[in-house]
Novice: 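Handing you a structure now.
Here the structure is a predicted model, which is why all the values come from computation and not from measurement. All residue numbers refer to positions in the sequence shown, counting from 1.
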Amino acid sequence: MPNYETPEYTVIEKDNDFELRAYKSYLTASIEDKKSENASGFNQIFDYINGNNSKHQKIAMTVPVFNELGTGISITAFVLPAKYANEPPPEPGNSRIAINKIDEKTVAAITFSGSVKKEKLAELQSKLLQWLQKKNLKTHGNFRLARYNSPFTPLFLRHNELLIDVEKPL
């Protein structure tokens, strides 16, 4: 996997494939699409970082690409490079793309490789919730899928994560 910028976080706890993380705030460019089985959200945001913006400027690709799950619509988000914490990012040329500030938060994650199928995601959601229940941690919000690789990466080499926000541990 090439060395792309990622949102900054600290690992609070690691337990095999599970992690509890403290994320610093970051910005995303995101789009909602009613066609949940469609890659158009990815393509539209990719167009934004390739120069379809107010400055006609390329923006460095970062990882992961997030997909929010369980909302009935597809929400795709790219993390913007950290330099945009100090200077505003270019305005998207596509009015459907929103720039969002994601505040600091605590997140539970489970790492996996291979394909991303509904059955696999349901199994991983269950495992992650069981792990959090043992730790008496409460979740909020929807699960997010984090993809770190190009679609051309062989399945067995892909790095993916399933994430959910949790209340800060005491």
Side-chain angles (χ1 to χ4, degrees), residues 1-33 36 41-42 45 48-49 59-92 96-149 158-170:
M1 180 167 69
N3 194 16
Y4 292 110
E5 184 178 335
T6 62
E8 189 177 343
Y9 66 86
T10 303
V11 175
I12 300 168
E13 180 180 347
K14 181 159 178 58
D15 180 8
N16 295 315
D17 291 334
F18 300 101
E19 284 186 352
L20 194 58
R21 303 171 178 168
Y23 276 84
K24 295 199 175 194
S25 67
Y26 57 92
L27 295 176
T28 64
S30 68
I31 193 165
E32 293 184 12
D33 196 335
S36 61
F42 177 94
I45 302 172
Y48 163 68
I49 69 169
I59 299 170
M61 182 73 186
T62 61
V63 291
V65 172
F66 291 115
N67 296 103
E68 190 165 336
L69 306 175
T71 60
I73 55 173
S74 174
I75 300 175
T76 302
F78 282 29
V79 176
L80 294 177
K83 75 178 191 175
Y84 293 116
N86 301 318
E87 64 181 80
E91 289 295 318
R96 293 186 59 221
I97 296 173
I99 305 299
N100 303 297
K101 180 180 183 210
I102 308 302
D103 292 324
E104 291 182 352
K105 58 184 168 181
T106 304
V107 174
I110 184 169
T111 302
F112 65 101
S113 62
S115 65
V116 177
K117 296 192 178 189
K118 288 181 183 178
E119 301 79 20
K120 186 174 194 172
L121 291 175
E123 179 185 327
L124 291 166
Q125 286 176 4
S126 177
K127 286 181 179 180
L128 188 53
L129 289 173
Q130 287 172 19
W131 184 72
L132 291 168
Q133 189 173 23
K134 288 178 193 172
K135 304 203 161 295
N136 293 318
L137 292 171
K138 295 187 183 192
T139 65
H140 55 89
N142 293 312
F143 282 97
R144 291 179 308 286
L145 174 63
R147 302 177 200 232
Y148 286 80
N149 304 97
R158 290 187 188 175
H159 175 87
N160 303 305
E161 296 173 340
L162 189 64
L163 310 169
I164 192 158
D165 298 347
V166 297
E167 291 180 6
K168 282 188 176 183
L170 300 176

Novice: Using 30° and 60° as the class limits, which term best fits the ring planes of H159 and Y148: parallel, tilted or perpendicular?
Specialist: perpendicular
Novice: Could you tell me which non-hydrogen atom of G141 sits nearest to which non-hydrogen atom of I164, and how far apart they are?
Specialist: O-CD1, 3.9 Å
Novice: I'd like to know if the side chain of N160 reaches the main chain of G114, judged simply by a donor and an acceptor atom lying under 3.5 Å from each other, with no hydrogens or angles considered.
Specialist: yes
Novice: Given the rule in the side chain to side chain contact (heavy atoms under 4.5 Å, CB included) test, do D17 and W131 qualify, once you have shown the distances and angles that lead to the verdict?
Specialist: CA-CA 11 Å; D17 291 334; W131 184 72; over 6 Å; no
Novice: Find the distance between CD (Q125) and CD1 (I110) and round it off to the nearest 0.5 Å.
Specialist: 10.5 Å
Novice: For the atom pair CD1 (I45) and CD1 (I59), what is the distance rounded to the nearest 0.5 Å?
Specialist: 11.0 Å
Novice: List the steps, then state whether salt bridge (charged side-chain N to carboxylate O under 4.0 Å, His left out) holds for K101 with D103.
Specialist: CA-CA 6 Å; K101 180 180 183 210; D103 292 324; 3.8 Å; yes
Novice: Run the numbers on L20 and L137 for side chain to side chain contact (heavy atoms under 4.5 Å, CB included), then give the verdict.
Specialist: CA-CA 10 Å; L20 194 58; L137 292 171; 3.8 Å; yes
Novice: Looking only at heavy atoms, which two atoms of T28 and A77 are closest? And how far apart?
Specialist: CB-CB, 4.1 Å
Novice: Can you run down the salt bridge (charged side-chain N to carboxylate O under 4.0 Å, His left out) pairs that involve residues 21-31, sequence neighbours left out, and say none if there aren't any?
Specialist: E8-K24, E19-R21, R21-E161
Novice: Evaluate R144 against D165 for side chain to side chain contact (heavy atoms under 4.5 Å, CB included), listing each step before the verdict.
Specialist: CA-CA 9 Å; R144 291 179 308 286; D165 298 347; 2.9 Å; yes
Novice: Rounded to the nearest 0.5 Å, what's the gap from CD1 on I99 to OH on Y84? Could you check?
Specialist: 9.5 Å
Novice: Closest approach of A108 and V166, non-hydrogen atoms and distance?
Specialist: CB-CG1, 4.0 Å
Novice: So do the side chains of Y48 and I31 get within less than 4.5 Å of each other, counting heavy atoms only?
Specialist: no
Novice: If every non-hydrogen atom of L121 is compared with every non-hydrogen atom of F112, which pair is closest and at what distance?
Specialist: CD2-CZ, 4.0 Å
Novice: Between V79 and Y4, is there a side-chain heavy-atom distance shorter than 4.5 Å?
Specialist: no
Novice: Has Y9 got a side-chain atom pairing as donor or acceptor with K105's backbone, closer than 3.5 angstrom?
Specialist: no
Novice: Checking K120 side chain against A122 main chain: does a donor-acceptor pair fall under 3.5 Å?
Specialist: no
Novice: Kindly give the heavy-atom pair with the smallest separation between A60 and P81, and that separation in Å.
Specialist: O-CG, 3.7 Å
Novice: Side-chain contact, heavy-atom cut-off 4.5 Å: S25 with P7?
Specialist: no
Novice: Using 0.5 Å steps for rounding, measure from the CD1 atom of I75 to the CG atom of L145.
Specialist: 13.0 Å
Novice: Taking the side chain as C-beta and beyond, is there a heavy-atom pair between F42 and F78 under 4.5 Å?
Specialist: yes
Novice: Rounded to the nearest 0.5 Å, how far apart are CG of L132 and CG of L128?
Specialist: 4.5 Å
Novice: Side chains of N142 and L69: closer than 4.5 Å at any heavy-atom pair?
Specialist: no
Novice: Atom OH in Y23, atom OG1 in T106: separation rounded to 0.5 Å?
Specialist: 11.0 Å
Novice: Around atom NZ of K135, are there more than 12 heavy atoms of other residues, nucleotides or ligands at under 6.0 Å?
Specialist: yes
Novice: Check the surroundings of atom CD in Q133: do more than 12 heavy atoms from other residues, nucleotides or ligands lie under 6.0 Å from it?
Specialist: no
Novice: For A82, is there any backbone N or O sitting under 3.5 Å from a side-chain donor or acceptor partner on E5?
Specialist: yes
Novice: Write down the atom of T76, the atom of N67, and the distance for their closest heavy-atom approach.
Specialist: OG1-ND2, 3.1 Å
